[in-house]
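The block underneath contains the structure these notes are about, expressed in structure tokens.
The shown structure was predicted, so the numbers you read here are calculated from the model rather than taken from an experiment.
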Amino acid sequence: MFKQSITSRLTLTIGEEEFVVEGGNIKYCKLDLKIDGFNGEVGFFTSNEVKEDKLINSIVSPSLIKIELTLAQETFSKAETAEKITLNALVSERSLEEKQYIDVEGNKVLYRYYVCQFMDPAQFVWLQHFPTSLYVKKSVEQAIKEQVTDLISLNIDWPEAESELPFVCLGLGALQISFYQFLLWYIQQNGAYLIYDYEKNEYKISNSKSEPKTEVMLAPTQIESAKVLLARPTIQSTNLLNGDVNLASTDSLYQCNDVSVVNFDRLTIDSIKQDAEHSKNKENRFLKPRNSELSLKLKEWPLQALEPGCKLTLKNPDWNANMLSTNQSFRLYSSSIELCSLTPSPMEDLHQSHSSYECTIAHKAEELTDVHRERAPDLIKPITVQGEIVSEPGEEQDKTFQYKQDENTKQLFYRVKIPVWDDQEVLIRYKPNFMPPHFYFPLYKGTQVELEISLFEARITRVLDWGARVFLEQGNQGNHLIFGKNEQDETRLKYDYQDDKPVLSLERIKDKDTELVQLEEGKIIFRTQEQD
């Protein structure tokens, strides 16, 4: 903790209006800066003494509030220039406290103290975004870009996300998971990175960490403490198990020689060789151990702008060359800044460009060569929707079945249209589901089914209704099975009770021709006839 003069400026944009707050009016500021974005809070006074405080009329409305906050060391010298930290954000929460003085003429509210909590644009927008959407024959990159508004600038440099997929299902509203939570999870789950550029106010998704654009060199006089955080030992061996019945395998991805028996066994069910290889490559990304990190507390606001993503080195003749921290280059990934005004009264430093603060600044940095990736815990679960089997052969009322074969994998699939998503079709593995292998009863055209659908896969969990004409009233206890295409071309097998006596009948129908074999009490009926 140290005391220093800081130059700052806050600009609020509400609709078409712009309001500027000078640094002397800012009495409190707290920032939490990360490699993928930031959160913050700022408290400031406005005065009604000289001119009317017009901010009050706009800030109480539910309109979107954009802010730009700049911070830099006040040098009091024209020879030295200090770089600014600039944050472009959206206000999430706001409050105000009004200072009233009864003895003032007109009983005016002389001062108002505003507090604005804010965050980076993507976090603000996507934390409120809960899409339940289906994207057919699109890539993950296209599905992500569908969520981008004009408030967010996003570049995607991630080859793995470019491949077209059968479908991408974002069932986030059904799961009550925001798109921002999903995006961070999915990126982390696949070993990629979301990177925020503080200078350009832009985002990038990449499968590698960005090269630092700037380098900041700190001297011992600027640092209160510097700790090297050593990596935790890893004693677990990592294995990848494929539970598919035809491609069952166990791959040892990493073997720890220090301790035996301690394993991290990942289980997948990949029925296609390409998918199994993809799972293996994905798991290998998480095997790189974490390197040491650097934890800093400053006792001076540096002239250079220290923002996450910059290169950080401890280079100065006063540093001991044998120290661990001076032999490495680091990438700053986290900053915590808190400013508490030494002149908290609204009258002090009012409308000045700078003010004096009690400052607390802490940074965390990783080795520049660190490629360690954190594994994200499971987040997404399947959602339930309803669909209808699609089949092209025959007339509309015909109970025909059809499967589609993938040209590359030779896998067979049902086509299922989903009404809630404008009858878009998804492909679902052509499997017997709960039927034993003795039977071949494919789901036919128009069958209404319940689906369990996850991010990239779907499966049929049950059929929703009885088939046409197969239903028996409860007064006629029995069982009924219908084979064939339609009412004029089918065979019916029925076992029911008539006068409390069992009757078994097999009836074949082809247009006007009908054949019947029926077993009942005391007789067997064989009948063939042409009906009118």
Side-chain angles (χ1 to χ4, degrees), residues 34-38 64 66 88-90 92 119-197 200-208 210 275 278 282 376 378-388 390 413 415-428 451-459:
K34 304 289 187 184
I35 202 78
D36 55 9
F38 60 87
L64 188 71
K66 302 177 184 179
N88 291 278
L90 298 173
S92 54
M119 56 184 66
D120 63 272
Q123 192 176 176
F124 176 86
V125 171
W126 285 336
L127 277 174
Q128 300 181 54
H129 185 41
F130 294 77
T132 300
S133 305
L134 181 70
Y135 303 95
V136 176
K137 292 185 178 180
K138 289 191 176 182
S139 65
V140 171
E141 178 176 334
Q142 289 173 304
I144 292 173
K145 286 184 175 180
E146 290 280 348
Q147 321 308 317
V148 176
T149 73
D150 55 0
L151 295 169
I152 300 168
S153 178
L154 174 67
N155 297 308
I156 300 179
D157 180 19
W158 190 12
E160 189 174 311
E162 297 173 359
S163 303
E164 184 182 287
L165 300 169
F167 70 85
V168 180
C169 178
L170 300 181
L172 306 180
L175 296 172
Q176 299 184 45
I177 295 171
S178 72
F179 181 74
Y180 188 74
Q181 292 172 295
F182 161 78
L183 185 64
L184 293 183
W185 168 82
Y186 184 75
I187 288 172
Q188 195 175 359
Q189 184 86 340
N190 288 275
Y193 306 94
L194 176 63
I195 301 165
Y196 178 68
D197 189 320
K200 296 181 178 180
N201 189 29
E202 293 180 349
Y203 300 85
K204 181 172 76 169
I205 298 175
S206 176
N207 59 354
S208 61
S210 299
D275 292 343
H278 174 77
K282 177 180 169 182
D378 289 337
L379 179 68
I380 300 298
K381 297 179 181 179
I383 64 172
T384 299
V385 295
Q386 295 182 357
E388 187 176 293
V390 175
F413 296 90
R415 292 165 55 202
V416 183
K417 69 178 181 181
I418 305 179
V420 73
W421 288 314
D422 300 323
D423 285 340
Q424 291 192 90
E425 292 184 12
V426 298
L427 298 180
I428 298 179
L451 307 178
E452 212 174 59
I453 184 166
S454 57
L455 191 57
F456 304 126
E457 293 181 325
R459 70 184 186 95

So, taking the atom named [atom1] in [X] and the one named [atom2] in [Y], what distance separates them when rounded to the nearest 0.5 Å?
X	Y	atom1	atom2	answer
L172	F179	CG	CZ	7.5 Å
L151	N88	CG	CG	11.5 Å
Y193	I35	OH	CD1	10.5 Å
L90	L64	CG	CG	5.0 Å
W421	T132	CH2	OG1	7.0 Å
W185	D378	CH2	CG	7.0 Å

Looking at every heavy atom in both [X] and [Y], which two are closest together, and how far apart are they?
X	Y	answer
S206	A192	O-CB, 3.3 Å
P419	G387	CD-CA, 4.2 Å
S139	A161	CB-O, 3.3 Å
A122	Y180	O-CD1, 3.9 Å
M119	L127	SD-CD1, 4.0 Å
D36	L194	CB-O, 3.2 Å

Sequence-distant partners of [X], side chain to side chain contact (heavy atoms under 4.5 Å, CB included), two or more places apart:
X	answer
S153	E202
V148	W126, I152, L154
T384	E450
E146	Y135, K138

> Going through the checks in order, is the side-chain contact (heavy atoms from CB on, under 4.5 Å) test met by C169 and I383?
Replying inline: CA-CA 9 Å; C169 178; I383 64 172; 4.1 Å; yes
> Who are the side-chain hydrogen bond (donor to acceptor under 3.5 Å, both in side chains) partners of S210, not counting sequence neighbours?
Replying inline: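 Here the qualifying residues are K204.
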>> List the residues meeting side-chain hydrogen bond (donor to acceptor under 3.5 Å, both in side chains) with S92, not counting sequence neighbours, and say none if there are none.
In response: none
> Are the side chain of Q123 and the backbone of G37 linked by a donor-acceptor contact shorter than 3.5 Å?
Replying inline: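 Flag not set: sc Q123 to bb G37 has no pair under 3.5 Å.
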> Judged by atom type as modelled, is there a donor-acceptor pair below 3.5 Å linking the side chain of Q147 to the main-chain atoms of I144?
Replying inline: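 Not a single qualifying donor-acceptor pair exists.
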Just so I know, are the side chains of [X] and [Y] near enough to count as touching, which here means a heavy-atom distance under 4.5 Å?
X	Y	result
Q142	E164	no
L455	L170	yes
T149	H129	no
E425	V390	yes
I177	F130	no

With [X] via salt bridge (charged side-chain N to carboxylate O under 4.0 Å, His left out) - residues at least two apart:
X	answer
E162	none
K137	none
K145	E141
E457	none

>> I need the single residue from L451, V136, D423 that forms a side-chain contact (heavy atoms from CB on, under 4.5 Å) with I418. Which is it?
In response: L451
>> Please enumerate all residues that pass ring pair (Phe, Tyr, Trp, His ring centres under 6.0 Å) together with F38, with sequence neighbours excluded.
In response: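 Y196, Y198.
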>> Under the rule for ring pair (Phe, Tyr, Trp, His ring centres under 6.0 Å), what residues qualify as partners of W158, not counting sequence neighbours?
In response: Y186
>> Please determine whether side-chain contact (heavy atoms from CB on, under 4.5 Å) holds for the pair L134 and V385, giving the CA-CA distance in whole Å, both sets of side-chain angles, and the decisive distance to 0.1 Å.
In response: CA-CA 11 Å; L134 181 70; V385 295; over 6 Å; no
